[in-house]
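Just so you know, these numbers use all the heavy atoms, side chains as well, and skip hydrogens, waters and symmetry mates. On a predicted model such as this, the values are computed, not experimentally measured, just so you know. Note that ligands are numbered from 1 as they come in the structure, with each ligand's atoms numbered from 1 the same way.
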Amino acid sequence: MPAPKPHKPPKGFAKNATVGSMAAYEKLYEQADRNPEAFWGKLAKQELHWFKPWKKTLDWKAPFAKWFVGGTTNMSYNCLDRHLTTARKNKAAIIWEGEPGDTETITYQELHRRVCRFANVLKKLGLRKGSRSIIYMPMIPELPVAMLACARLGITHSVVFGGFSAEALKTRIIDLDATVVITADGGWRRGKIVPLKATTDEAMAECPGVKHCIVARRTNNDIKMKKGRDHDWSALEAEVSDVCPAVELDSEHPLYVLYTSGTTGKPKGIVHTTGGYQLQANMSMKWVFDIKEEDTFWCAADIGWVTGHSYIVYGPLLVGTTTVMYEGAPAHPEPDRFWRIIDKYKVNILYTSPTAIRAFIRMGEQWPKKHDLSSLRLLGSVGEPINPAAWDWYHEFIGGGRCPIVDTWWQTETGSIMISPLPGATPLKPGSATFPLPGVAVDVVDMAGNSVPKGGEGYLVIRKPWPSMFRTLWGDKARFKKTYWSQIPGVYFVGDAARRDKDGYIWVLGRVDDVMNVSGHRLSTAELESALVKHKAVAEAAVIGKPHELTGQAVVAFVTLKQGQKTDDAMANALRDWVGVEIGKFARPEQIRFTDALPKTRSGKIMRRLLREIVTSDKVSGDITTLEDLSVINRLAGQQDEE
Ligand code: 7RM
């Protein structure tokens, strides 16, 4: 069967686009490739405010990069202050909608005031440049206010997704050695209260380093307030002024740390700094989302993930657009909540995930059909490969056949979008993230680092440093080097497999390590296994990801219980709940399979590949010569799939 023709950018779209043709894209790419420092230097000067200019554009002592060395700037200033002398001062910066239906529209001026006031609160509590904060909040305006206030003073923040458990929160507070936790009484999710303060209390009980906890009021549920440590957000605000100049910060000052799963049980603290991150968040808004002054932009992710950092908060505010923020669940109270929001605020650009799209497909197109979605002009996808069926549905039922779809590939580590179509230029092939952005030296290589020919498959790598790259892992340079820079010599090892087709299009195939992707959340097998093994009934556990229609992958856990423990439904449920407590509800295994032994190599490594085969095909075809006890496989493969 001949491959379907690529979708060309609609003519009208190309005419007004930031990058309006493949020739224009190629020229930009070429320029950046020839002299990256001149390319990024020119844009940084043109696009951002610097208190002091830099002396050196790039200092690259592989794998450690410094961008705009000696320059000083401030993210909060670039997101807010500089818009206040323009027509944007009374423009909506944030349009917020709570799950119960309450709304708030915050202009740039108002947001600036709120950020300054909260920054003064932080100052008064003794926090300053170099301090660290943990932000554990629902999707309410106070969350970006807290982030921007930290950024304003040079307090390095780490946002912890509200779905994480007390245990996960505690690990992050301790690793970052944070002295303040900013949270809320609760948040709304599917009509219920998520008790964030209670969870924070549990975590803080084992974190003596936390001196202050600031609590915003959202759900007005009963909470405990510990005297001296816990403070009411608005009470603190009442005591301070709303004037607070942005602190002049070094370009390499750490803006935030965001924890992400790795191949060991301990999460990795991805460190992003200020100047370079600002620049690429800003440029990707213009190149990929083609932002126009009149646009309303909605990234429907959670701010607890990197997508929300770069495309709900920092990127949109840097370019002075209106960013929509929604607190709750996508199908609450009815499956048309997203489409209602788009219709209500006349959203022009929607950025969401394949998991969400697959869930909407299952609910049916009668839901989007009830609403006027004609304001949409561009759609985006992120988090996993988008399967062509989901692409087509998104294109037809949400985009009305007229909106380009930008399938954006990037990672927590990369800080901003790396591979993506430019909507006015790139002919689209559903399922392909297409080509790298200007200044991004992506390649597909074999284990020795040689590029694979067109049509071939290999490892995705990035050959040159880029401004928004992560600088290190918090407190763990050795792991930074080992995980990312020593797999293939001299290049950044992404951890994804990819194919480059005969036209040079890049198709990202998925992870090559033991990291799973469940509904766009990264989970490591090791993290899940160590959680399971912590349970008193469990002897051993092996976790794999199984392809799942809705969530991309689903967690399947093979568990060996200690002697005398019952392998029944009650135990399976208890273990699922246990994972919910240890990591978070979203990580609970879909299936628990009890087994008396796990397939292992002679050196004792669990052969997850075999478990994967058993789960997907119920038999094992690959090489099993290193397997220690063959009978294990026969017993496992003979088991009933209880689905
Ligand atoms: C932004 C984000 C990163 C991993 C990455 C991939 C997968 C993300 C795409 C994708 C295929 C895409 N950060 N991934 N986007 N795979 N096509 N457009 O998701 O750090 O949480 O995850 O997600 O495996 O390495 S993340």
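For ligand 1, the atoms lying closer than 4.0 Å to a non-hydrogen atom of Val508 are 11 (C), 16 (N). For ligand 1, the atoms closer than 4.0 angstrom to any heavy atom of Val382 are 1 (C).
For the residues Gly383, Ala498, Ser353, the heavy atom positioned nearest atom 14 (N) of ligand 1 is part of Gly383.
Relative orientation of the Tyr256 and His272 rings is tilted, given thresholds of 30° and 60° on the angle between their planes. In this structure, Phe586 and Trp305 have perpendicular ring planes: the angle between them is above 60°, well past the 30° mark. Taking the six-membered ring where the residue is Trp, Phe338 and Phe360 present tilted rings, their angle falling between 30° and 60°.
Ranking the protein heavy atoms by distance from atom 20 (O) of ligand 1 puts Thr412 OG1, 2.6 Å first. Among protein heavy atoms, the minimum distance from atom 22 (O) of ligand 1 is reached at Arg522 CD, 3.3 Å. In this structure, atom 4 (C) of ligand 1 lies nearest to the protein heavy atom Arg511 NH1, 4.0 Å. Looking from atom 2 (C) of ligand 1 to the surrounding protein, the closest heavy atom is Trp410 O, 3.7 Å. Of the protein's non-hydrogen atoms, the one nearest atom 11 (C) of ligand 1 is Pro385 N, 3.1 Å.
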For this session: I would like to know whether Trp391 and Asp407 meet side-chain hydrogen bond (donor to acceptor under 3.5 Å, both in side chains); could you show each step before the answer?
Result: CA-CA 9 Å; Trp391 197 101; Asp407 174 358; 5.8 Å; no

For this session: List the steps and the verdict of salt bridge (charged side-chain N to carboxylate O under 4.0 Å, His left out) for Glu529 and Arg608.
Result: CA-CA 12 Å; Glu529 286 162 8; Arg608 293 189 188 76; 2.9 Å; yes

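Both the sub-6.0 Å distance and the 45° axial angle are satisfied by Lys477 relative to the ring of Phe64.
Classification of Lys286 and Glu47 as a salt-bridged pair holds, one side-chain N sitting under 4.0 Å from a carboxylate O.
Considering backbone and side-chain atoms together, Asp407 places an N or O closer than 3.5 Å to an N or O of ligand 1. On a distance-only criterion, Glu413 and ligand 1 share no N/O pair closer than 3.5 Å. The N/O atoms of Thr307, backbone and side chain alike, include none that comes under 3.5 Å of an N/O atom in ligand 1. Considering backbone and side-chain N/O atoms, Ser381 never comes within less than 3.5 Å of an N/O atom of ligand 1.
Here the rule is ring pair (Phe, Tyr, Trp, His ring centres under 6.0 Å) with Tyr492, and of Phe470, Tyr459, Phe480 only Phe470 fits it. The one candidate from Val579, Thr525, Leu528 that meets the side-chain contact (heavy atoms from CB on, under 4.5 Å) condition with Val555 is Leu528.
Residue contacts with ligand 1 include Asn517, since one of its heavy atoms falls under 4.0 Å from the ligand.
With a 4.0 Å cut-off on non-hydrogen atoms, Thr408 touches ligand 1 through its backbone and not its side chain. Within the 4.0 Å heavy-atom criterion, the part of Glu384 lying near ligand 1 is the backbone and not the side chain. Proximity of Asp496 to ligand 1, defined as any heavy-atom pair under 4.0 Å, is confined to the side chain (atoms from C-beta onward).
For the atom pair Thr18 OG1 and Met283 CE, the distance stands at 8.5 Å (nearest 0.5 Å).
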